[in-house]
Structures are given as C-alpha cells and as structure tokens.
2 protein chains.
Amino acid sequence: MFSKTCTYAIRAMLFIARHAETDNKLGIKEIAGGIDAPEHFIAKILQQLSKKGLVSSLKGPSGGFYLDKKTGKCTLADIVQAVDGDSLFTGCALGLSHCSEQYPCPLHHEFKKIRKEIHEALKSTRLSEFNEELLQQFTYLKNR
Amino acid sequence: MFSKTCTYAIRAMLFIARHAETDNKLGIKEIAGGIDAPEHFIAKILQQLSKKGLVSSLKGPSGGFYLDKKTGKCTLADIVQAVDGDSLFTGCALGLSHCSEQYPCPLHHEFKKIRKEIHEALKSTRLSEFNEELLQQFTYLKNR
DNA sequence: TAAGTACAGGTCTTTGAAAACATATCATTG
DNA sequence: CAATGATATGTTTTCAAAGACCTGTACTTA
C-alpha cells in the first residue's frame with residue numbers, strides 16, 4: 001500500500017509524537033533505535049519532512065526533532081503526501097495516464113470510493129491525537 | 001496501490017477477456033500491442049498466470065492465450081494474489097511483522113476495514129463479467 | 001565577550017539490491 | 001518446417017541504504 005520510505009516516515013513521526021516535546025527533543029539515533037530503522041535513512045526522511053514543515057528540529061547540543069503546537073497538528077495524510085506524493089489518492093489503479101471520469105479504466109469507479117476512504121482515514125488522524133491513544137493502548141512501532 | 005507488474009497483469013487479462021475466446025486466441029504480440037506493454041515482460045507474466053491456471057494457452061501455429069469456461073471465471077483478486085501475493089490483503093500497512101489483532105499497529109484497525117473492501121471489490125469482479133461491460137461502456141487499456 | 005570547540009541536524013554523493021525490461025534459445029504443435 | 005508459447009539469462013532502471021562532508025547552535029574558556 002505505502003512505499004517503504006513512507007512506512008518509515010509514519011512510524012518515525014508516531015514515535016516522535018509519543019516521546020518528544022519542545023523541552024525533550026529526540027536525536028536521530030534514538031528515533032532510529034525506537035522504530036528499528038536504518039539511521040541514515042530515517043535522517044534523510046525526517047530532514048525532508050522538516051523542510052516541508054511537518055516536524056520541528058533544532059541543531060546543536062541537546063538538539064533533535066520534536067513537535068510543537070504547529071507541527072503536532074499535521075495529519076497522516078500530510079506525511080504520506082510529503083513522501084509518496086498524492087498518487088495514492090488520485091492516481092489510476094492500473095497506472096493509466098489518461099484514466100478519468102470521462103474515460104474511466106475498468107477499475108476506476110470501484111476504486112474511487114476506496115481511495116476516498118483511505119484519504120479520509122489518513123486526513124482525520126492527527127499526530128497529537130495519537131499521542132494519548134498510544135499511551136493507553138498497546139501499540140508497537142518496532143519491527144523485531 | 002498495485003505493483004507495476006500487477007497492473008500489467010490485470011490489463012492483459014482484461015484485454016484477453018474482451019477479445020479472446022476458445023476459437024479466437026490472442027498472441028503475445030497482439031496483447032502487448034493492445035495494452036502498450038513490453039512484449040517479453042507481458043509474456044513472462046502470462047506464463048506465470050497460465051501456470052497457476054488463471055489463463056488458458058496453446059502452443060504452436062494459431063496458438064495463443066484465451067479464456068475458457070474455467071479460466072473465464074477467475075476474479076481480479078486471483079490475479080492480484082498470483083502476482084503480488086496477498087500482502088495487500090493481509091499485511092500490515094506500516095510493514096510491521098508482528099502487527100496483529102492482539103498487538104495492533106496504530107493504523108491496524110482503520111485499515112482492516114479498507115483492506116477488506118479492496119479484497120471484496122476485487123473478489124466480486126470476474127473477467128467474464130467485464131467482457132460484456134467493456135463492450136458497452138468506453139474503457140481503455142492503453143497508456144498512450 | 002568573543003573566539004574556539006563539540007555536538008547534532010542538513011546536504012550531497014556513492015553503493016547495493018531489487019524490480020522492470022530485453023535478448024536469445026528451447027520446446028511444442030499444427 | 002514454421003509458428004508460437006516456455007524457459008533461462010542478461011541488461012537497464014529504480015529505489016532503499018550508506019557514507020562523507022557541510023552548516024548551524026550552544027557551551028566553554030581565557
């Protein structure tokens with residue numbers, strides 16, 4: 001469903017949401033260790049997200065990544081779009097470039113609804129909400 | 001959503017369903033030309049599907065690929081599973097190996113419903129049905 | 001208080017593996 | 001034998017991953 005890069009991005013952001021605040025920033029090593037992801041790869045992804053304003057960061061000693069009031073409000077849809085683009089939400093399931101309402105591919109109408117549901121689900125989920133939810137129920141981000 | 005191989009497979013099978021019958025078999029060249037796919041690549045995919053019994057084929061002069069009563073009944077879900085496996089239907093959205101009902105990832109419950117819908121949509125669509133539908137409405141399989 | 005220095009994110013380049021695509025050869029059948 | 005699917009192997013492209021190096025921040029210290 002998502003690209004590997006995208007799943008790492010989501011997991012990293014969820015990890016940050018759970019552990020980091022303005023006065024408690026997380027280093028790349030901590031994040032990579034916390035979600036079992038390659039360090040350099042997660043660094044690259046987070047810098048990409050930071051550039052687009054989805055996560056806050058600070059250089060220097062005791063620096064790191066964190067969420068403030070602004071960045072904490074970003075949705076999972078924002079993350080997916082920043083990493084994978086919006087092909088998941090708008091592209092043709094069969095990869096046909098000219099597929100449209102007027103000239104639909106055989107799967108067009110079936111998948112239009114499903115795509116919308118996926119988009120809605122991701123749009124309605126803010127990182128700030130996960131923060132509490134994650135503390136309550138048992139949800140893992142590690143892969144081993 | 002699907003891999004590139006998978007979209008080619010679906011398009012090829014839809015093309016066969018529309019044009020081929022037991023007494024009118026389609027060669028690889030015709031199929032490749034009909035859906036704008038690389039010839040040898042589509043051959044490999046169809047042989048894979050043929051091996052798994054999703055499409056009928058015959059060697060020799062005036063041979064080719066076609067659908068009979070048995071193969072015509074296969075669903076789009078069969079094709080997707082044969083090519084991409086069933087990771088799309090069962091795998092974790094975040095790629096977590098231990099994600100389960102008991103230890104769900106943060107997206108588990110949201111996506112369980114969506115996955116099921118995708119599976120249902122693909123399962124309920126038989127190639128034989130598309131045959132008529134395609135003849136009625138204007139649906140393209142080419143990409144240029 | 002202003003250089004110096006260590007720390008941590010940011011950028012760019014290179015490597016490695018896998019997916020996508022192509023070529024050549026073999027096997028089957030009318 | 002000729003047409004056509006089956007198989008095996010090779011090439012290209014893409015993307016995940018790693019490495020080396022740059023830039024900004026904050027603390028130290030004379």
Side-chain angles (χ1 to χ4, degrees), chain A residues 2-13 15-16 20 22-33 35-68 71 82-85 87 94-95 143, chain B residues 1-13 16 20 22-33 35-68 71 83-85 87-88 94-95 143:
Chain A
F2 304 125
S3 75
K4 204 152 191 178
T5 306
C6 197
T7 66
Y8 276 140
I10 295 173
R11 280 159 62 191
M13 288 294 273
F15 185 78
I16 293 172
T22 309
D23 54 349
N24 178 34
K25 305 176 191 65
L26 286 181
I28 286 179
K29 281 176 193 168
E30 287 174 280
I31 298 170
I35 64 174
D36 274 325
E39 215 171 289
H40 292 88
F41 195 45
I42 214 68
K44 196 173 168 182
I45 296 170
L46 284 177
Q47 279 144 22
Q48 217 177 307
L49 294 177
S50 162
K51 216 178 198 174
K52 301 196 178 185
L54 299 183
V55 63
S56 309
S57 68
L58 196 69
K59 291 183 182 180
S62 78
F65 294 90
Y66 62 100
L67 298 177
D68 55 23
T71 49
V83 176
D84 277 356
S87 64
L94 295 182
N143 203 179
Chain B
M1 182 95 71
F2 303 125
S3 74
K4 207 152 190 178
T5 306
C6 196
T7 66
Y8 276 139
I10 294 173
R11 280 160 62 190
M13 289 293 274
I16 293 172
T22 309
D23 54 350
N24 178 34
K25 305 175 191 65
L26 287 182
I28 286 177
K29 281 174 193 171
E30 288 175 280
I31 299 170
I35 65 173
D36 273 326
E39 212 173 289
H40 298 88
F41 195 48
I42 214 68
K44 199 171 169 182
I45 295 171
L46 284 177
Q47 280 145 22
Q48 215 179 310
L49 295 177
S50 164
K51 220 177 198 172
K52 301 197 179 186
L54 299 183
V55 64
S56 310
S57 68
L58 197 69
K59 289 183 184 180
S62 78
F65 294 89
Y66 62 101
L67 297 177
D68 55 23
T71 48
V83 177
D84 276 358
S87 64
L88 178 64
L94 295 182
N143 204 179

Quick one: are Leu26(A) and Phe15(A) in side-chain contact, heavy atoms under 4.5 Å?
-> yes

Spacing between Lys25(B) atom NZ and dT29(C) atom P, to the nearest angstrom | 13 Å

Using heavy atoms to find the nearest nucleotide of DNA chain C for Ser62(A) and Gln48(A) separately, return the residue whose nucleotide is more 5′.
-> Ser62(A)

Are the side chain of Asp84(A) and the backbone of Ser3(A) linked by a donor-acceptor contact shorter than 3.5 Å?
-> yes

Nucleotide dT11(C), atom C1' - distance to CZ of Phe41(A) in whole Å | 16 Å

Distance in angstrom units between Lys52(B) NZ and dA6(D) C1', rounded | 16 Å

Base, sugar-phosphate alone, or nothing: which one does Pro38(A) contact when heavy atoms must sit under 4.0 Å apart?
-> sugar-phosphate

Closest nucleotide of DNA chain D for Lys59(A) versus for Thr5(A): which of these residues is on the 5' side?
-> Thr5(A)

Phosphate contact (dA16(D) OP1 or OP2) by Tyr8(A) side-chain N/O below 4.0 Å | no

Any Ser57(A) side-chain N or O less than 4.0 Å from OP1/OP2 of dG10(C) | yes

Please give, in whole Å, the distance from dA8(D) P to His40(B) NE2?
-> 16 Å

Base, sugar-phosphate, or nothing: which does Leu26(B) touch, judged by heavy atoms less than 4.0 Å apart?
-> sugar-phosphate

When we call it a touch if two heavy atoms are under 4.0 Å apart, what does Leu46(B) touch: a base, just sugar-phosphate, or nothing?
-> nothing

Worked verdict on Gln47(A) versus Ile28(A) for side chain to side chain contact (heavy atoms under 4.5 Å, CB included) = CA-CA 10 Å; Gln47(A) 279 144 22; Ile28(A) 286 179; 4.2 Å; yes

Just checking Lys44(B): base, sugar-phosphate only, or nothing, at a heavy-atom cut-off of under 4.0 Å?
-> base

May I have the distance from Phe65(A) (atom CZ) to dG24(D) (atom C1'), rounded to whole angstrom?
-> 13 Å

Report yes if the side chains of Thr71(B) and Tyr66(B) come closer than 4.5 Å at any heavy-atom pair, otherwise no.
-> no

Hey, does the side chain of Gln47(B) come within less than 4.0 Å of dG5(D)'s phosphate (OP1/OP2), counting only N and O?
-> no

To the nearest Å, how far apart are Leu49(A) CG and dG10(C) P?
-> 10 Å

Round to the nearest Å and state the distance from Ile31(A) atom CD1 to dG10(C) atom P.
-> 10 Å

Starting from the 5' end of DNA chain C, give me the residue, Lys4(B) or Leu58(B), whose nearest nucleotide shows up first.
-> Lys4(B)

Can you list the steps and then say if Lys4(B) with Tyr8(B) is a side chain to side chain contact (heavy atoms under 4.5 Å, CB included)?
-> CA-CA 6 Å; Lys4(B) 207 152 190 178; Tyr8(B) 276 139; 4.2 Å; yes

What's the NZ-P distance between Lys29(B) and dT23(C), to the nearest Å?
-> 13 Å

Within less than 4.0 Å of OP1 or OP2 of dA6(D), is there a side-chain N or O belonging to Ser50(B)?
-> yes

